[in-house]
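Reviewing the structure listed below.
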Amino acid sequence: MKETVVSGIRSTGYLHLGNYFGAIHNYVKMQEDYNCYFFVADYHSLTTHPDPKDLKANVFRVAAENIASGLNPDKVALYAQSDIPEIPELYLMLNMLAYKGELEKVPTFKDKVRLSPDNVNAGLLTYPVLMTADILIHNASKVPVGKDQEQHLEMARNFAQRFNSRYGEVFTEPHVFRFDENTVKIMSLDGNGKMSKSENINATIFLSDEDEVIRKKIMKAKTDSGPTEPNMEMPDYIKNLFQLMQLVSEQDVHQTFLDNYNNCNVRYGDFKKQLAEDMSNFVKPIREHAAELQKDEDALRKILKEGAEKARESASKTIAAARKAIGINYY
Ligand code: TRP
């Protein structure tokens with residue numbers, strides 16, 4: 001039997017190259033061999049009170065961008081979290097086993113408290129519990145998430161164990177799924193940290209960027225006056241540009257520029273021009289496909305509804321078992 005994978009996709013912001021090469025690219029490979037549930041985490045986004053007018057467009061856009069990036073709704077269940085009422089039901093049950101003290105200690109919670117002290121709501125505190133419900137509702141064993149989410153996964157295992165030892169074996173303990181050890185990290189084009197949808201958007205390439213925007217961003221990417229001796233170690237921001245070229249350009253093109261670098265005759269202007277062109281060609285079909293999908297709202301609605309049906313089939317079994325184990329078994 002195929003193992004079950006669950007992952008949540010944030011519904012805020014536009015997808016960028018970091019999301020693509022760091023996550024979606026792996027989801028696309030996983031969909032062949034695993035029983036995959038991928039959802040747009042719209043309930044999670046409510047912690048920051050987004051404008052109700054924006055919610056639907058955000059959810060549809062994120063779904064469209066993921067499909068355009070290669071996620072196949074015939075192979076995976078792609079759904080909106082809020083279409084699965086079993087998730088908040090399980091969240092309620094798990095909240096009774098989650099202690100205030102342990103939730104307050106979570107680093108992501110402490111960060112949020114520091115960044116927005118005026119909005120420390122209970123949903124923020126119990127974010128890891130909702131995330132646990134997202135995962136346990138399908139009894140997933142594997143969860144492809146980045147380093148920043150490892151602590152949440154540890155909590156999910158604790159909550160699963162706690163439930164099981166109190167009420168009997170209902171849940172599988174989920175583990176972080178490192179699908180590909182070689183998964184690349186895409187740095188921001190200004191050399192400051194990871195590519196991000198919120199930090200410096202001029203140094204982040206979005207899957208929705210037009211060719212000209214991509215060109216401008218790449219031409220402005222941080223470089224230096226070039227290597228001063230053969231085979232010099234590259235600074236991180238140069239390494240990042242070469243890595244991007246390796247991902248989107250022909251192999252011999254990448255090799256030629258690499259040789260130039262190692263021989264100290266690299267011209268960054270030419271290098272970036274080539275990278276910009278190849279990057280535009282890479283992003284363009286994804287951008288156009290995503291735009292086309294977003295225009296066809298009926299089709300997207302159908303995809304999300306079918307995804308929700310698949311997800312509820314699995315969720316309803318789990319919630320029935322959880323209710324029974326707890327003793328909610330009256331009729
Ligand atoms: N917390 C995750 C993030 O910020 C998103 C997420 C929500 C998630 N629920 C999940 C990821 C369940 C994996 C499994 O990226």
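Note that ligands are numbered from 1 as they come in the structure, with each ligand's atoms numbered from 1 the same way. Every heavy atom of this structure was used, including side-chain atoms; hydrogens, water molecules and symmetry mates were not.
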Cation-pi check for Phe60 against Lys56: NZ or CZ below 6.0 Å from the six-membered ring centre and within 45 degrees of the axis, yes or no?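 Flagged: Lys56 positioned over aromatic ring of Phe60.
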
Less than 6.0 angstrom separating the ring centers of Tyr20 and Phe282, yes or no?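 Close enough - the centres of the two rings lie under 6.0 Å apart.
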
Considering the heavy atoms of [X], write down every atom of ligand 1 situated less than 4.0 Å from one of them.
| X | result |
| --- | --- |
| Phe39 | 9 (N), 10 (C), 12 (C) |
| Val143 | 13 (C), 14 (C) |
| Ile135 | 12 (C), 14 (C) |
| Val145 | 11 (C), 13 (C) |

Starting from [atom], which protein heavy atom do you reach first, and at what distance in Å?
| atom | result |
| --- | --- |
| atom 4 (O) of ligand 1 | Arg10 NE, 2.8 Å |
| atom 1 (N) of ligand 1 | Tyr127 OH, 2.7 Å |
| atom 9 (N) of ligand 1 | Asp134 OD2, 2.7 Å |
| atom 2 (C) of ligand 1 | Gln149 OE1, 3.4 Å |
| atom 5 (C) of ligand 1 | Gly8 O, 3.7 Å |

When you measure from the side chain of Thr48 to the backbone N and O of Ser45, does any donor-acceptor pair fall under 3.5 Å?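 Checking the backbone N and O of Ser45 against the side chain of Thr48, a donor-acceptor pair under 3.5 Å is found.
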
Any side-chain heavy-atom pair from Met245 and Leu258 closer than 4.5 angstrom?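 SC-SC contact between Met245 and Leu258 ruled out.
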
Compare all side-chain heavy atoms of Lys112 with those of Val120 and state whether any distance is below 4.5 angstrom.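 When only atoms from C-beta onward are counted, Val120 and Lys112 do not touch, as no gap falls below 4.5 Å.
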
With ring-ring contact (aromatic ring centres under 6.0 Å, His included) as the test, would you mind laying out the steps for Tyr34 and Phe177 before giving the verdict? CA-CA 12 Å; Tyr34 295 89; Phe177 187 17; 5.1 Å; yes

Taking the basic N atoms (NZ, or NE/NH1/NH2) and the acidic carboxylate oxygens, is any pair closer than 4.0 Å for Lys310 and Glu306?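 Between Glu306 and Lys310 there is no salt bridge, as every charged N stays at least 4.0 Å from the carboxylate O atoms.
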
